[in-house]
There are 2 protein chains.
Amino acid sequence: MTVSATRPSPNKRAGNGTAPRIDADEIGLDALVGHAGYAVRRFQIWIFQDFIKTLGDVDIRPTQYSVLTVIGANPGLSQMVVAKRLGIERARLVHLLDSLEQRKLVKRIKSKSDRRSHALHLTGQGETALAKFQRLAAEHERHVEEKIGKANRERLLQILAGFT
Amino acid sequence: MTVSATRPSPNKRAGNGTAPRIDADEIGLDALVGHAGYAVRRFQIWIFQDFIKTLGDVDIRPTQYSVLTVIGANPGLSQMVVAKRLGIERARLVHLLDSLEQRKLVKRIKSKSDRRSHALHLTGQGETALAKFQRLAAEHERHVEEKIGKANRERLLQILAGFT
DNA sequence: GGACAATTGTTGTCGTCAACAACAATCTTC
DNA sequence: GAAGATTGTTGTTGACGACAACAATTGTCC
């Protein structure tokens, strides 16, 4: 990942339709560097891929993990509240919960105070499973530390704390 | 977006299926805080939405912008090289270029040195358009500054420089 | 108390995007 | 020249965000 090499002049033989050998590493991205969105997108892709790989054996994706974590920490929430808190659409949460309920990790209990809504709980199986997921997630977090450095990870969390 | 309030105790009347009033702001996310991936995902969603809104009048999305920028800075590249450099699949880049070519922003020129590949160039129209897009993108970048602070944005770019 | 609006979960569609697989045309290598 | 690799293309799959519509239920207003 060497990025600090001196860039050759940005325009190399343009206009005739052909271009000399280029190694895809040495392409001028000058105009893209300095855009926060681009850096964040690439980092987000990397971090999700590592999460998915690290939790690959248990087949849990980041969104599923966030749903389980919120339900585990706050049993009895309605789907509406969970969706709002996580920034997920409630239509999308329906499918997520269908999947998690089929896997016996979550159960929907009809609320008696509001018969429209469901109170969400982890099953016993769900709680032990979540504990394992969290251990794996911690391992993933260590990968992040190795990638960008411990201090930088801390700083990152600090900068983005307002978005959680 | 007040996040700094003291959290109430995480478990509020769990187990009977119902839960007291909850405002979706005050849900314990304790277990999710500290996960870099979650913060980055939320931030990335915010930043893309602002980009899309800011460049809404010209109808340019982040990926399209990155493709135009790379082609503009390095005319004559093949699709393979552009895809690799931006982390896009070449299958996906085909559709992106189809769209950009229909809008007369990009042209595919058959390479004579390798008749399989296309040399990518901006049209004249594409160059003037890109200049406008970059002005709007700079405006978007100012929105990011207002959101997280100028110094934090700088630090963020520094931390994530390895991913560009 | 009853009409009307709002909310909750659900179903469905649409468009974006990453990940694969397969294919024809073309290049490279031996 | 034959075998294998590469390039662009087409297609499929699945996760995901955005929207719209709907039935059941709750809340509100008169």
Side-chain angles (χ1 to χ4, degrees), chain A residues 18-19 21-24 37 41-42 44-53 55-56 59-67 76-101 106 108-120, chain B residues 18-19 21-24 37-38 41-42 44-53 56 59-67 76-101 106 108-120:
Chain A
T18 68
R21 284 275 159 274
I22 286 193
D23 284 358
R41 166 178 166 260
R42 296 298 297 258
Q44 198 257 351
I45 290 173
W46 180 89
I47 208 169
F48 264 47
Q49 280 175 345
D50 185 86
F51 186 99
I52 292 168
K53 197 203 303 177
L55 300 218
D59 192 28
I60 287 290
R61 313 191 95 257
T63 311
Q64 295 175 314
Y65 177 80
S66 68
V67 170
L77 293 185
S78 71
Q79 299 185 194
M80 193 65 216
V81 172
V82 170
K84 233 182 238 166
R85 186 62 187 87
L86 289 178
I88 304 174
E89 280 205 60
R90 59 193 209 278
R92 167 120 190 80
L93 185 60
V94 171
H95 299 298
L96 286 168
L97 289 175
D98 286 348
S99 163
L100 294 174
E101 207 171 21
V106 167
R108 289 185 248 222
I109 300 178
K110 291 194 215 171
S111 169
K112 302 193 173 178
S113 57
D114 186 341
R115 303 219 306 273
R116 294 170 300 181
S117 69
H118 294 157
L120 301 175
Chain B
T18 66
R21 286 274 160 274
I22 287 192
D23 284 358
Y38 183 73
R41 167 179 165 259
R42 298 298 296 257
Q44 198 256 351
I45 290 173
W46 180 90
I47 208 170
F48 264 48
Q49 280 175 345
D50 184 87
F51 187 99
I52 293 168
K53 197 203 303 177
D59 192 29
I60 288 289
R61 315 192 90 253
T63 312
Q64 296 175 313
Y65 177 80
S66 69
V67 171
L77 293 185
S78 71
Q79 299 184 193
M80 193 64 214
V81 173
V82 170
K84 231 182 239 166
R85 184 62 187 83
L86 289 177
I88 305 173
E89 279 205 62
R90 59 193 208 280
R92 165 123 190 78
L93 185 59
V94 171
H95 300 297
L96 285 168
L97 289 175
D98 286 348
S99 162
L100 294 174
E101 206 171 21
V106 167
R108 289 186 250 222
I109 300 179
K110 290 192 211 173
S111 169
K112 302 192 174 179
S113 56
D114 186 340
R115 304 218 307 272
R116 294 170 300 180
S117 69
H118 295 157
L120 301 175

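Protein chains get the first letters and strands the later ones, always in sequence-line order, with residue 1 at the start of each.
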Item checked: Main-chain N/O of B:V82 paired to B:R90 side chain as donor or acceptor, under 3.5 Å -> no
Item checked: B:V94 side chain, from C-beta outward: closest of D:dG8, D:dC16, C:dT10 -> D:dG8
Notebook entry, point to check: Is any side-chain N or O of B:R61 closer than 4.0 Å to OP1 or OP2 of C:dC17?
Noted result: yes
Margin query: Need one value for B:R92: base, sugar-phosphate or nothing, where a base atom within 4.0 Å counts as base even if backbone is also close, heavy atoms only.
Written below: sugar-phosphate
Note to self: When you measure from the side chain of B:E101 to the backbone of B:R108, do you find a donor-acceptor pair of N or O atoms at a distance under 3.5 Å?
What the structure shows: yes
Item checked: Nearest-nucleotide pick for A:H118, side chain only, options being C:dG12, C:dC27, C:dG9 -> C:dG9
Checklist line | Of the listed nucleotides D:dG8, D:dT10, C:dA19, the one nearest the side chain of B:E89 | finding: C:dA19
Next item on the list: Return no unless some side-chain N or O of A:Q49 is found under 4.0 Å from OP1 or OP2 of C:dA19.
Entry: yes
Notebook entry, point to check: Does the side chain of B:Q64 come within less than 4.5 Å of B:S99's, by heavy atoms?
Noted result: yes
Notebook entry, point to check: Between the side chain of A:Q79 and the main-chain N/O of A:V94, is any donor-acceptor distance below 3.5 Å?
Noted result: no
Notebook entry, point to check: Less than 3.5 Å between a donor and an acceptor, one on the side chain of A:R116 and one on the base of D:dT26, is that the case here?
Noted result: no
Check: Of the nucleotides C:dA18, D:dG17, D:dG8, which one has an atom closest to the side chain of A:R41?
Finding: C:dA18
Notebook entry, point to check: With a 4.0 Å cut-off on heavy atoms, is B:Q64 in touch with a base, just the backbone sugar-phosphate, or nothing at all?
Noted result: nothing
Checklist line | Closest-nucleotide 5' rank along DNA chain D - winner of A:P62 and A:R115 | finding: A:P62
Note to self: Closest-nucleotide mapping onto DNA chain C: is A:D114 or A:A91 further toward the 5' terminus? I mean the 5' end.
What the structure shows: A:D114
Next item on the list: Compare side-chain N and O positions of A:T63 against OP1 and OP2 of D:dC16 and report whether any pair is under 4.0 Å apart.
Entry: yes
